[in-house]
Structure formats: C-alpha cells, structure tokens
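Scroll down for the structure; my scribbles are underneath it.
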There are 2 protein chains.
Amino acid sequence: MATTTAAEIRARRKAEYNAFLAVCPSHKMLERISGKWVMLLLSALGSGPDCTGGPRPMRYSELSRLLAGVSQKMLTQTLRALERDGLVTRTVTPTVPVTVSYEITELGLSLHQMMRGLKVWAEAHTDEVAANQAAYDTATGCPLSG
Amino acid sequence: MATTTAAEIRARRKAEYNAFLAVCPSHKMLERISGKWVMLLLSALGSGPDCTGGPRPMRYSELSRLLAGVSQKMLTQTLRALERDGLVTRTVTPTVPVTVSYEITELGLSLHQMMRGLKVWAEAHTDEVAANQAAYDTATGCPLSG
DNA sequence: CTGTATCCTATATGATACTG
DNA sequence: CAGTATCATATAGGATACAG
C-alpha cells in the first residue's frame, strides 16, 4: 500500500507547474492581451479610429461603433480590465446624460508600441504560414483533395 | 414595414467586422500564440529544456515531462497545430517502440525571437501593473480592504 | 449615454481509458 | 513510446432586457 506513486507525483508536479505559470510575467502578459478585444481597444485608443494617427481619448459609444462586433458586456469588461492594469484611464464627466471618455496611458502606449513587433512579424509571415498550412493539409488529406 | 433598421444594420456591420478579423494577420497571429501551451513549447524547443541554451530537437515524452501540467491531448493538439503552421517539424523514426522527435524550424525560431520582446516588456512592467491593480482594487473596494 | 444583470452557447482544456 | 477516443468541465464570449 505504500502507494505514493505515479498519479500522486504527477499531480504534485502539475500543481507546482501551474503555480509557476500563475506568476510567470510572460505568461500573465500573454493571458492579459489574449482577450478578443484587448488589442483592438489598445490599437483604437493608441492610434486613433483610423489606426494611422496618434493617441486620442474616445468615448464608450465611439469605441462601440468602431469595434463593430463587440457586445456591451465585453466592451465594458475589457475596458475595466485595461483600466485595472493601468493601461487606460476612465474619466466621467457628470453631464446629463453622463459622458465617459477612455484614454490610453503611457504604460498602455508602451505595450501598444511593443505589439507593433508582433504585427510586423505577422504581416511578414502570413503568406509563408498559409502556404505551410496548405501543404500540410494536402499532404494529410484533410480537405477535398481526394 | 420598410424595417431595415437598427438590429439588421448592426448585424451586418458585425458580420463584416468578423470577416475582417478572420483575415487580419495580427489577429490571426495572436490567436495562434494564445494557446496555453504554444509559447511554452516554442520556448522549450527554441531554448532547450533549461531555457538558456539553443534550439534542440526533443521527443514527445521529454516535452511531456518538461511541461509538467500538460495533458496528452493538449500536447499532441498543440504540436500538430505548430507543425501545420510550419513552426516545428515532426520526425518519426521506425524503431520499436516508435521514436518521434520535434524540432523548431527557422520560422518558429523567428517567432520565438520575436516573443522575446514581449517577455522583456512583461518582466519590465510586472511590478507596475501589479501596483496599478492593487491601487484599483483598494479604490474600488473589491477585496477585504473595508 | 453608459452601463448592469441574467441567461445561454461555443470553445478550450482536461481526465480517463485504450491502442499499435 | 507516442499517441487516439471519449467524456466531462470551465470559461470566454454573446444575446437580451433593463436602469441611472
């Protein structure tokens, strides 16, 4: 019965690993930016509505229109998360009805700049990846390549 | 009832936006690397088991041990996705039992290098983000700060 | 205008058992 | 060793209705 074996040991190693992942800066950052609307919002607030200008404060409704597919729930939720991280600020003006504007912070802007690298890589290698996928698919016989 | 209004227009704009996102290189790339084990695998294959060396081919079981928490399903699934994208290669040696080794490609290595930027940013700003979160939480009264 | 509250679905991930 | 197949679960994301 001295069965402190296999399953238990694996379970412990897994717990330790999850604990490590929970504090790993890179991993946390990846989770932070992985949300469907995170980069879109940072991009809108960091480069303006046309994605070619500079940072500019925007209102809730303006963001809602710009990110055409976003639900109110996700827009609010994502903005709150960004605000909590200090990547954007939220300013309420007590007009009637109330006016709220969101603005990217310096920290948020630095992240936005950082992500440009990813954008460059993505655009440079999209074709190559697509070709690899196509080759893999025909070789594996996935689609109607019969 | 010429009711081509509100809801319908929004639905169309949303469909168009989703179509745009589906082909946007940056967004596709972000989805690609967002998997829980993607960066971990690229890192293992790109920097060796100790994360300090150079690229080295590794076997399925070796990766399984290194990424202590991963399930067989997710390990296989993630490796296949990476292989399909041309980020890693899979080599089968017909010994008995069979031997399979995975190796990062040049393309995968270039992505791995790219992600170093994210790592640097993450490690440089972890404390700042944590401080922002703490400030936000106490200001909002979320935790037991009453 | 700027949200909140509720309910619902899809997808990612995981546990377990089995195989060449 | 290196998986596949199946079942189960958690979470992200979304639709809808309502409110200050």
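Chain letters run A, B, ... following the sequence lines, proteins first and then strands; every chain starts at 1. Remember, predicted model here, so these are calculated numbers, not experimental data.
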Integer-rounded Å distance: dA10(D) C1' and E31(A) CD: 14 Å

Are M39(A) and V120(A) in one and the same hydrophobic cluster, where Ile, Leu, Val, Met, Phe, Trp and Tyr link if side-chain heavy atoms are under 4.5 Å apart? no

Which pairs, protein N/O on one side and nucleotides 2-5 of chain D N/O on the other, fall under 3.5 Å?
unit_1	atom_1	unit_2	atom_2	d
dA2(D)	OP1	R59(B)	NE	3.0
dA2(D)	OP1	R59(B)	NH2	3.2
dA2(D)	OP1	V100(B)	N	3.2
dA2(D)	OP1	V100(B)	O	3.3
dA2(D)	OP2	S61(B)	N	2.9
dA2(D)	OP2	S61(B)	OG	2.8
dG3(D)	OP1	R80(B)	NH2	2.8
dG3(D)	OP1	R90(B)	NE	3.2
dG3(D)	OP1	R90(B)	NH2	2.5
dG3(D)	OP2	Y102(B)	OH	2.6
dG3(D)	N7	Q72(B)	OE1	3.2
dG3(D)	N7	Q72(B)	NE2	3.1
dG3(D)	O6	Q72(B)	OE1	2.9
dT4(D)	OP1	R80(B)	NH1	3.1
dT4(D)	O4	Q72(B)	OE1	3.2

Are W37(B) and F20(A) in one and the same hydrophobic cluster, where Ile, Leu, Val, Met, Phe, Trp and Tyr link if side-chain heavy atoms are under 4.5 Å apart? yes

Given 3.5 Å as the limit, does a donor-acceptor pair link the side chain of S64(B) with the main chain of Y60(B), or not? no

Would you say the side chains of T93(B) and T99(B) form a donor-acceptor pair under 3.5 Å? no

Looking at K36(B), does any N or O in its side chain come under 4.0 Å of the phosphate oxygens OP1/OP2 on dT11(D)? no

Joint hydrophobic cluster, V100(A) plus Y136(B), side-chain heavy atoms closer than 4.5 Å: no

Determine whether a donor-acceptor pair (N or O, by modelled atom type, separation under 3.5 Å) exists between the side chain of S47(A) and the backbone of A44(A). no

E16(A) and R12(A), any side-chain heavy atoms less than 4.5 Å apart: yes

Please check: side-chain N/O of S101(A) versus main-chain N/O of M58(A), any donor-acceptor pairing under 3.5 Å? no

Under 3.5 Å, is there a donor-acceptor pair between the side chain of T105(A) and the main chain of G86(A)? yes

Estimate the overall bend of the helix from dC1(C)-dG20(D) to dG20(C)-dC1(D) from the end axes over five pairs each, rounded to 10 degrees. 50°

Rounded to whole Å, CG of L67(A) lies from P of dG13(D) at a distance of 13 Å

Going 5' to 3' along DNA chain C, which nucleotides are the first and last within contact of chain B (any atom under 4.0 Å from a heavy atom)? dT13(C) to dA17(C)

By nearest nucleotide on DNA chain D, pick out whichever of Q77(A) and P97(B) is the more 5' one. P97(B)

Are V23(B) and M29(B) connected in a single hydrophobic cluster, I mean Ile/Leu/Val/Met/Phe/Trp/Tyr linked by side-chain heavy atoms less than 4.5 Å apart? no

